[in-house]
Amino acid sequence: MPVCDLDKRAPRGMKALGLDVVVWWDKNENEWKVFDDRCPHRLAPLSEGRIDQWGRLQCVYHGWCFGGSGDCKLIPQAPRDGPPVHSFRKACVGVYPSTVQNGILWFWPNTDPQYKDIINKKKPPYIPELDDPSFLVQWFTRDLPYGYEVLVENLLDPSHVDREGGTPIDISIQKMGKDGFIATEHSHRTWTFVSPCLVQASPIIKESPNNTQGKLAQNPPRKQLVIFFCTPVKLGVSRLIIANSRNFSLWIDPFVPRWMHHIWQNLIIDSDLYLLRVQEEKLMAAGLSNWNKVCFVPTKADTIVALYRTWLKKYAGGQFDWGTKFNGSLPPIPPREQLMDRYWTHVVNCNTCAGAYKGLNALHVFLQVLSISLVAIVAATKQGVISVAARTTLAMAAILCIIGSKWLSWFIYKKFHFHDYNHAFK
């Protein structure tokens, strides 16, 4: 999760790789922590707890408190003069090694103490532009009702990026190995896949032969990167984090709030959401490892998609290995309103959209109250107390408030809950 959408005041429960984890801010060590989301006492979710005044993670069920190392600091029910049961190993919480890089909180999905210092050996993929102060970064996160394999394949499809129809695309493969691959659209974009979760689309910048190194230093080339981080959440569910980074037209963003960018981003995701969920169900029925047999990809435009499936089959057996966590069958496709829900998959996890949602709902209620108040004033005021013009003005204001509140109700539902994208009418 991008740290800009985490709240230091409260723990956050999340799921990744089939694991239930709790993310919380340890003010004593001044860093984010990722714990197993269950109290060792009676297995209650620690994400439903709180951070106490001493900066400890407290289980709300019976008040057990834990420090940043997962050690139990307090068992309220244990007598102070009794044995120190809080120090027993079974009283500790599993801690996942974690780090913040490029503005994202990463964790290593194993609580075994042997991985405590894994960050010194294995680091997440690093994108220098995301830490470059000359670049502006827009973050977006959403949980999607289809799996990691379908998500990555969809993001690596240049024909899809060019929308319906498309044109012939000449693509060449630069390299492929266990760590990923690089492919190039001639004179257009470079596509990079970094195992296991990063997809990057970068435009090819051609430098003018008249440019000297000094001129380039004074006027760096305009550059925009779209970086996708793809996380398997559980079978049939994935999390997409988008970092949209650029070093030009930075003056625009102060005038366009982040939540308005997210409305546009959600619309793009919704345009494919239903068909990708159906596609995944058909692929699961055929067997993900049989992708090459059931899909016909005869043109060069499908080179990157086919390359990804080749990579996935060679290095991961054709699909994400869930082990024994899931039985291998997808849940039934829910109604579209539930499948394409934005509130629980995005709004509640985005600080900016959650704030806008709260503010717009407050404005909606205010307009309703104001309209009722204006109507009451007009009805209660006797003839002659106020002029006919004033009464008409109040009545018109009440009507406008009613219309405004109705429109706002529609806007909130359409932009923050559900927008049924119908390709036939687009």
Side-chain angles (χ1 to χ4, degrees), residues 1-5 100-105 124-142 152 154-164 166-167 169-172 174 180-194 197-230 240-272 304 346 350-353 355-356 415:
M1 177 67 75
V3 293
C4 64
D5 286 322
V100 173
Q101 181 174 285
N102 285 146
I104 294 178
L105 178 62
Y126 180 70
I127 309 296
E129 288 83 359
L130 297 184
D131 288 337
D132 188 336
S134 67
F135 280 75
L136 185 142
V137 182
Q138 283 281 358
W139 291 101
F140 174 86
T141 305
R142 185 165 172 180
V152 176
N154 185 54
L155 295 173
L156 285 168
D157 184 359
S159 295
H160 167 257
V161 171
D162 292 331
R163 306 310 300 162
E164 293 83 351
T167 57
I169 302 175
D170 192 9
I171 298 173
S172 60
Q174 303 300 315
F181 55 80
I182 299 175
T184 303
E185 286 180 64
H186 290 180
S187 304
H188 195 185
R189 280 184 292 249
T190 296
W191 294 83
T192 305
F193 171 68
V194 180
C197 64
L198 187 147
V199 174
Q200 179 175 328
S202 310
I204 297 174
I205 299 173
K206 295 184 177 180
E207 297 178 6
S208 170
N210 298 324
N211 276 338
T212 64
Q213 190 171 357
K215 288 182 179 179
L216 283 174
Q218 294 175 7
N219 301 296
R222 290 156 59 99
K223 191 174 183 181
Q224 182 171 12
L225 300 177
V226 183
I227 301 135
F228 306 98
F229 300 92
C230 311
L240 174 62
I241 299 173
I242 302 176
N244 201 322
S245 176
R246 71 178 190 277
N247 65 349
F248 60 91
S249 301
L250 306 184
W251 61 271
I252 298 175
D253 283 72
F255 301 98
V256 183
R258 183 180 173 222
W259 63 270
M260 293 190 71
H261 286 285
H262 288 186
I263 287 176
W264 170 79
Q265 192 68 63
N266 274 314
L267 187 63
I268 293 175
I269 289 175
D270 285 344
S271 69
D272 298 319
I304 304 175
H346 169 72
C350 173
N351 284 341
T352 311
C353 289
K415 306 304 180 183

Go through the steps for Ile304 and Phe181 under the test side-chain contact (heavy atoms from CB on, under 4.5 Å), then give the verdict.
CA-CA 9 Å; Ile304 304 175; Phe181 55 80; 4.1 Å; yes
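- Across every non-hydrogen atom of Glu129 and Ser245, the tightest pair is O-OG, 4.0 Å.
- Atom OG in Ser159 sits 6.5 Å away from atom CD1 in Ile171 (nearest 0.5 Å).
- Counting all heavy atoms, side chain and backbone alike, Leu155 lies closest to Trp191 at O-CZ3, 3.1 Å.
- The two atoms that bring Leu240 and Cys230 nearest to each other are CD1-SG, 4.4 Å, heavy atoms only.
- In this structure, CZ in Arg189 is found 7.0 Å from CD1 in Ile169, a value given to the nearest 0.5 Å.
- Note: Asn154 CG to Ile269 CD1 = 10.0 Å, rounded to the nearest 0.5 Å.
- For the residue pair Leu130 and Trp139, the shortest heavy atom distance occurs at CD1-CH2, 4.1 Å.
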Walk me through it: do Asn266 and Arg142 pass the test side-chain contact (heavy atoms from CB on, under 4.5 Å)?
CA-CA 8 Å; Asn266 274 314; Arg142 185 165 172 180; 2.8 Å; yes
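- A donor-acceptor pair under 3.5 Å links the side-chain atoms of Asp5 to the main chain of Asn351, judged by distance alone.
- In this view, Val3 and Leu6, Trp32, Val100, Leu105 satisfy the side-chain contact (heavy atoms from CB on, under 4.5 Å) rule, not counting sequence neighbours.
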Test log, rule side-chain contact (heavy atoms from CB on, under 4.5 Å), inputs Phe140 and Arg258
CA-CA 9 Å; Phe140 174 86; Arg258 183 180 173 222; 6.0 Å; no
Derivation and outcome, side-chain contact (heavy atoms from CB on, under 4.5 Å), residues Arg246 and Asp253
CA-CA 11 Å; Arg246 71 178 190 277; Asp253 283 72; 2.3 Å; yes
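- Without hydrogens or angle criteria, Asp132 side chain to Ser134 main chain gives a donor-acceptor distance under 3.5 Å.
- The two residues Pro158 and Glu185 come nearest to each other via the heavy atoms CB-OE2, 3.5 Å.
- Here the CE atom belonging to Met1 is positioned 9.0 Å from the SG atom belonging to Cys350, to the nearest 0.5 angstrom.
- Between Thr352 and Trp259, the shortest heavy-atom distance links the atoms CG2-N, 3.6 Å.
- Taking CD from Gln138 and SG from Cys4, the interatomic distance works out to 9.0 Å, rounded to the nearest 0.5 Å.
- Under the 3.5 Å distance criterion, the side-chain polar atoms of Gln101 are matched with a main-chain donor or acceptor of Pro124.
- Side-chain contact between Ser202 and Thr192 is absent, with no heavy atoms from C-beta onward closer than 4.5 Å.
- Residues Asn244 and Gln224 are in side-chain contact: their nearest non-hydrogen atoms beyond the backbone lie under 4.5 Å apart.
- Rounded to the nearest 0.5 Å, atoms SG (Cys353) and CD1 (Ile263) are 7.0 Å apart.
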